[in-house]
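Model, not experiment: these values are computed from the prediction. Side chains included, hydrogens not; waters and symmetry mates left out as well; all remaining heavy atoms used. Proteins get letters first, then strands, A, B, ... in listed order; numbering begins at 1 in each.
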Amino acid sequence: MSRSARTPQGPSDSAASSPAPGPAPALEKAYRPAETEPRIRRCWDEAGAFHADPARVLTGEREPYCILIPPPNVTAALHLGHALTYSLQDILTRAHRMMGYETLWMPGTDHAGIATQAVVERRIKEEEGLTRQQLGREEFVQRVQAFKDEYEATITEQLKVIGCSCDWARQRFTMDEQCVAAVREAFFRLFRDGLIYRGKRLVNWDPVLQTAVADDEVEDVEVDGQFYYLRYPVVRGGRDSGTKGPRDKGRIQIPETWGELARRKYPQADDHPPDEQAWVTVATTRPETYLGDTAVAVNPKDPRAAPLKGLMVELPLVGRIIPIIEDEYVVMPAADPETDGVDPKARYATGFLKVTPAHDPNDYELGLRHNLPVINVLAPDASISDKHGWTDVGDAHLFVGKSREAARQLVVREFYARGLLEETRPYRHTVGHSDRSKAVIEPYLSDQWYVKVTDDSMRGAALRAMVAEQRTGEGTEGQRNKRTQGRDGDGALRFHPARYAKMFETWHDNIRDWCISRQLWWGHRIPVWTLDEVKDAGVLKRNLDTLFSRAGLTEDVCIRFDPLPQAHGHICARTEKAEAFLNDLSDLCRPGPVIGPRLPTQPYARSGTPLFDQHHPDLMQEARDVKEGIASLERDPDVLDTWFSSALWPISTMGWPDPATFPGNDGLLEAFNPTSVLCTAREIITLWVSRMVMFNRYFLPESHHRPDATRRGQAATDRTDLSENGQGRGPVPFKDVFIHALIMDGEGRKMSKTLGNGVDPRDIIQSHGADAMRFTLCHMTTQTQDVRMPVVPDPATGQNTSPKFDLGRNLCNKLWNATRFALSKLERPGASAADAGAPVHVSYPDLPLADRWMLSRLSASVAEVNAALKDYQFSVYAQTVYDLLWRDFCDWYLEAIKLTVNANPAQRAVLRAVLDVIVRLLHPITPFVTEAIHEHLRRVPAHRVPGIDLATEALLCRSAWPQVAAGLRDGAAEERFETVRSLVTAIREVRSQHKVAPARRITLHATARIAKACEAAGGLVQTLAVLDTITLQAPKAGVPTVALRVDADELHLSNFADAVDAGAERERLLKIIADRERTISTIDKRLENPGYIAKAPPNLVEESRSQRAAALAELESARAALEKVE
RNA sequence: GGGCGGGUAGCUCAGUUGGCCAGAGCAUUCGCUUUACACGCGAAGGGUCCCGGGUUCGAGUCCCGGCCUGCCCACCA
């Protein structure tokens, strides 16, 4: 290879700022990813090749294409599952960048509240033996921050090594300042709009640590327990008894007898003595919670329900009179409990369910439906207590102060003593235990923050966002289809594959309000300060208004009071300034002087000066007035659910609510939201996708909907006002949702950190290269199947690897060597100067058959790739390019041109163009090797090949996607080439079967048609079938020959051996005979079926007949030949 | 319990509205230092398309039932 042959040429190379540092190294025999990939990555970095410019969209110069990275958790390094999803996103990104879109792939990471906190907590416990409580909130959060920094760096490095073409200048983190600002604003608006409210919720309470724990920190343990059957006496009294007694509880009830129940037609009441006190029996595993019962429920379909109407029961000892309510939720007892397949609940149920809203999640729901009181009978340490909401203790005071376990024994004993314990039955069931303390989890009622996602501006907006044809319209809001017709921005959300739309829809139909508070330290702290024991809400409100007004914070805070009796109020801060102010005010409102370090939950440590006095001396009087009206003002200790900040990802990353605050965000939202596609795995459709849709549509104004191409020119000057809410009519955050396969380990389990079966993509990159990994993953990504990826230790390094990635590595190597070959032809010494000087005119009709065939295949493949990309059919894409490169280009085209290319400049032009097209088609999947090849290929002068358009830049990643005209499809050329191919294959088959020495040149006695085809193929047949001559003459008598058929033509081979190997020939012919006989019998079966002739399409019948004829001809000639052999 | 997938060659997987003798890669066997590539080239063997019914001229493909397997959600008085 001469140096002059690689002198830069062409317009793009004249640019002084060519980012390629120096000449590309010479092409080695094998492609070495380890040397190439880091170098190519540097080229991309130095060129800033992936930076998106919103201005080009806003001026209408380019269409936008945008993908938001689903931010990986900073809990651990990425595994192969991540490598898959990010490879696919990079493929889409790179393809569209080449297609001329202004392309933005927004990178970032997620703080992943619970998961990260748990990992760091565990690590600190293991390494230092300390709990987070011992460290204190401030110190602990700093430790998590340090951990996050470490893993964020690792993850970023991994993404870069994989080859991700993210816009690295815009990398975000869900808790960085920009995202914090978005969270604060979003929370504030929802709070102001009444969509955030305070509600009760049962949390998982750890009575030992006395803290709420997250669901995934609860471990289900199977334990042997008991079912206790308790009798509650039935009484008459209260409203429905007809006697209007005094309202104080439980004093006028009249015991109900079995005799009375019998009169009411209560089933089996006659089995009991008529004068005896009647009862209902409830079954429970937790008898001690009966102290908090506020109803007994029965299924309305239960025959006992009607006779009990209007009656009540009395809780033994407590004396509380509670209603018998009807609810479909109650499981009726099984008729035959021994029968298999009966709901285990039904097997143990009595049909009566004790309802304890304060201590059971279902009972809580039931209580809400029936407006039942909620009575908490437990202290935070899970002992029975009358200090936390329980007042009517009655004779049950003997339980107070006992632990759960002791109380349970005591309750059972007391019931037994009174004849109210019907029976106990052993029962094995799962009970939640705290991961850390191992204590049994107690469902414990507490105050939480909720987002009212059931509001139409949330749920309705999410459902209306779906494209019409993917909606079933079933569910609770049947009318919703109509409401949305024709509204701009609605109906833009489409799922790929479509079946996931249903999951999205049904989830919303059953959605409940979203609890967003989490009892954690790592996360966005809730920007709300609680006013406790408000003396006079009206006065306080006036004082607060005055204070905030004088502080210039009127727009920055929102004050709300709880509904009557207004003992509590909440102030929500919108800005950092308001947050600081409220912190100071909170200090001032704390009893006693404000001196010294603050409580460990407060991330501030200050000197002894009263803060408010120091920062706001002129507001002291107003502040004191506020302090007078309340007992305390404390910031809510909880943080937000991680998904709250994730839900804002499409807008927080683009600078919402105020792009001017942080540099580089100007115009991003207008240019790139709605984004093009969200690419993710299926498990977060509900958690994440839904919430992004709701928030995007809620927070972005209706007017944000991106103007169409013709209007976009003016958009730069006509910005949307981001301070205005969309109220559910704003744009969707993305138009397509592509749900891809999951990577499983060798046993078919999902790759996950907890299982420890994750494979680090860097291990695979080390053994095979990033391109090989990407190609293989892409190739495996089909629409339905999850992918199994068994890994083995690499014998060389001991790290994980898998022979599956050989597929991709081999492909890269094949491309590399095909390029070496092509370059050797294109850069022939002596040829280059002439090539450069004189433009080569490529005339399509004059091209050899092989070239016309190749161009036809190329055109078809480009169309297939384009269609596959549009449909997210990644496996089809990879397979198509694989076949094009390997089967068509290498196996046949390169072989076909070997003899003629040196002498034919037009053929060299085609060779260069075809290779260039293939390299570009492959670039999104295998960016490194193609970029490395481009460094060489772009230095070879390109001559115009009609129908092929290739705009070239210094870097391939910014060069144009290949345009190959559909007109290059050439059916005739493909057919003729096919003939040549089957001829070569047939001859090779004979050679192999007759064990002809590979180098031995043999003679083909051809028909005129075949001979003509061979000539058109330009020596291809001679080379590949190793022939000396192709002749029209029949072989001379006595010369050893074998016969073969191609299409309808019978041909002969001679000179392949000194004598025919009768055994081999016999075997060959018998095989043909057996095969054709099988074919004929199959076709006959079809043709002999009268229904087939009558009903099948005539062309199929005709095809069957001609197939039969062809097979018969082949069969007969093989039989004739066989006779000659024997 | 509800929902959604998958079960096709030894392995990992394609097979788009039913219609060529069911395909690919790897693995296996045989033959090749053919000057781009042994990470390669050529040839070969290998499948009751989970089971049982049904619709149809025709089913891997559509319908019903069953078995095995995976995932998501809910729940466990």
Problem set entry | d(CZ, Arg988(A); C1', C41(B)) in whole Å | 8 Å
Problem set entry | Short side-chain N/O contact from Ser875(A) to OP1 or OP2 of A14(B), under 4.0 Å | no
Exercise. Given the C1' atoms of A9(B) and U48(B), what is the spacing between them in whole Å?
Worked result: 13 Å
Problem set entry | Along RNA chain B (nearest heavy atom to each residue), the more 5'-positioned of Ala30(A) and Met503(A) | Ala30(A)
Exercise. Roughly, in whole Å, what's the span from CG in Asn810(A) to P in A36(B)?
Worked result: 19 Å
For this session: Assign Asn1089(A) to base, sugar-phosphate, or nothing according to its heavy-atom contacts below 4.0 angstrom with the strands shown.
Result: sugar-phosphate
Problem set entry | Separation of Asp360(A) CG from Asp293(A) CG (nearest 0.5 Å) | 10.5 Å
Exercise. Heavy atoms under 4.0 Å, any strand shown: does Arg887(A) hit a base, just sugar-phosphate, or nothing?
Worked result: sugar-phosphate
Exercise. What does G42(B) pair with, Watson-Crick or G-U, if both distances are under 3.5 Å?
Worked result: C30(B)
For this session: Please confirm whether any donor atom in the side chain of Lys814(A) sits under 3.5 Å from an acceptor in the base of C37(B), or the reverse.
Result: yes
For this session: Can you tell me the distance, in whole Å, between the NZ atom of Lys1085(A) and the P atom of C21(B)?
Result: 11 Å
For this session: With heavy atoms under 4.0 Å as the rule, sort Pro1090(A) into base, sugar-phosphate or nothing.
Result: nothing
Exercise. Using the P atom in both, what is the distance from A36(B) to G42(B), to the nearest Å?
Worked result: 15 Å
Exercise. Is any side-chain nitrogen or oxygen of Gln873(A) closer than 4.0 Å to OP1 or OP2 of U16(B)?
Worked result: no
Exercise. Would one find a side-chain N or O of Trp892(A) under 4.0 angstrom from OP1 or OP2 of G42(B)?
Worked result: no
Exercise. When we call it a touch if two heavy atoms are under 4.0 Å apart, what does Arg286(A) touch: a base, just sugar-phosphate, or nothing?
Worked result: nothing
For this session: Could you say whether Glu989(A) or Val330(A) is positioned toward the 5' end of RNA chain B, judged by the nucleotide with the nearest heavy atom to each?
Result: Glu989(A)
Exercise. Reckon Ala1094(A) touches a base, only the sugar-phosphate, or nothing at all at heavy-atom distances under 4.0 Å?
Worked result: nothing
Exercise. If you look at every strand shown and take non-hydrogen atoms under 4.0 Å, does Glu1067(A) touch a base, only sugar-phosphate, or nothing?
Worked result: nothing
For this session: Apply ring-ring contact (aromatic ring centres under 6.0 Å, His included) to Phe352(A) and Tyr232(A), showing your working.
Result: CA-CA 10 Å; Phe352(A) 294 104; Tyr232(A) 290 174; 9.8 Å; no
Exercise. Quantified in whole Å, what is the P atom distance between nucleotide G10(B) and nucleotide G45(B)?
Worked result: 15 Å
For this session: Classify the nucleic acid contact of Arg512(A) as base, sugar-phosphate or nothing, counting any heavy atom under 4.0 Å across all strands shown.
Result: sugar-phosphate
Problem set entry | P gap between U34(B) and C39(B), integer Å | 15 Å
Exercise. When the C1' atoms of C71(B) and C62(B) are considered, how many whole Å apart are they?
Worked result: 26 Å
For this session: Could you tell me the separation between the OG1 atom of Thr680(A) and the CZ atom of Phe738(A), rounded to the nearest 0.5 Å?
Result: 10.5 Å
Problem set entry | Distance test, side-chain N/O of Lys502(A) to OP1/OP2 of C4(B), below 4.0 Å | yes
For this session: Sort out the partner of U16(B) for me: Watson-Crick or G-U wobble, both distances under 3.5 Å, none otherwise.
Result: none
Exercise. When you measure from the side chain of Arg1086(A) to the backbone N and O of Ser1104(A), does any donor-acceptor pair fall under 3.5 Å?
Worked result: no
For this session: Take the protein atom CG of Leu807(A) and the nucleotide atom C1' of A27(B), then report the distance between them rounded to whole Å.
Result: 14 Å
For this session: Have a look at Thr285(A) and say if it touches a base, only the backbone sugar-phosphate, or nothing, with a 4.0 Å heavy-atom cut-off.
Result: sugar-phosphate
Exercise. Which part of the nucleic acid, if any, lies within contact of Asp1075(A), taking any heavy atom under 4.0 Å across all strands shown: a base, the sugar-phosphate backbone alone, or nothing?
Worked result: base
For this session: Report yes if a side-chain nitrogen or oxygen of Arg991(A) is closer than 4.0 Å to either non-bridging phosphate oxygen (OP1 or OP2) of G31(B); otherwise report no.
Result: no
Exercise. When the distance from CE of Met789(A) to C1' of U12(B) is rounded to whole Å, what number comes out?
Worked result: 9 Å
Problem set entry | Distance in angstrom units between Asp891(A) CG and C37(B) P, rounded | 15 Å
Problem set entry | Spacing of the P atoms in U28(B) and A22(B) (rounded, Å) | 26 Å
Seminar exercise, completed: Separation of C20(B) atom P from Ile1080(A) atom CD1, nearest Å, is 19 Å
Exercise. For the residue pair Tyr893(A) and Phe889(A), does the interplanar ring angle fall in the parallel (under 30°), tilted (30 to 60°) or perpendicular (over 60°) class?
Worked result: parallel
For this session: Give Lys29(A) one of three labels, base, sugar-phosphate or nothing, depending on what nucleic acid heavy atoms sit under 4.0 Å from its own.
Result: sugar-phosphate
For this session: Would you indicate what Phe352(A) reaches in the nucleic acid, counting non-hydrogen atoms under 4.0 angstrom: base, sugar-phosphate, or nothing?
Result: nothing
Exercise. G6(B) and G46(B): how far apart are their C1' atoms, nearest whole angstrom?
Worked result: 24 Å
Seminar exercise, completed: As its Watson-Crick or G-U partner within any shown strand, both distances under 3.5 Å, G70(B) has C4(B)
Exercise. Judged by atom type as modelled, is there a donor-acceptor pair below 3.5 Å linking the side chain of Thr776(A) to the main-chain atoms of Gly808(A)?
Worked result: yes
Problem set entry | Atom-to-atom span, CZ of Arg1078(A) to C1' of A22(B) - whole angstrom | 13 Å
For this session: Determine whether more than 12 heavy atoms belonging to other residues, nucleotides or ligands lie under 6.0 Å from atom CD of Glu975(A).
Result: no
Exercise. Does any N or O in the side chain of Arg908(A) come within less than 3.5 Å of the main-chain N or O of Val901(A), such that one atom is a donor and the other an acceptor?
Worked result: yes
Exercise. What interatomic distance, in whole Å, is found between C1' of A74(B) and the corresponding atom of G7(B)?
Worked result: 27 Å
Exercise. Can you find a side chain N or O atom of Lys898(A) that sits less than 4.0 Å from OP1 or OP2 on A36(B)?
Worked result: yes
Exercise. Are any of Asn817(A)'s side-chain N or O atoms less than 4.0 Å away from OP1 or OP2 of C39(B)?
Worked result: no
For this session: Under 4.0 Å between any heavy atoms, over every strand shown, what does Leu1100(A) touch: base, sugar-phosphate, or nothing? Just pick one.
Result: base
For this session: Mind checking Cys812(A) for me? I need base, sugar-phosphate or nothing, with any heavy atom below 4.0 Å counting as a touch.
Result: nothing
Exercise. If only atom types and distance count, is the side chain of Arg1108(A) paired as donor or acceptor with the main-chain N or O of Leu1087(A) below 3.5 Å?
Worked result: no
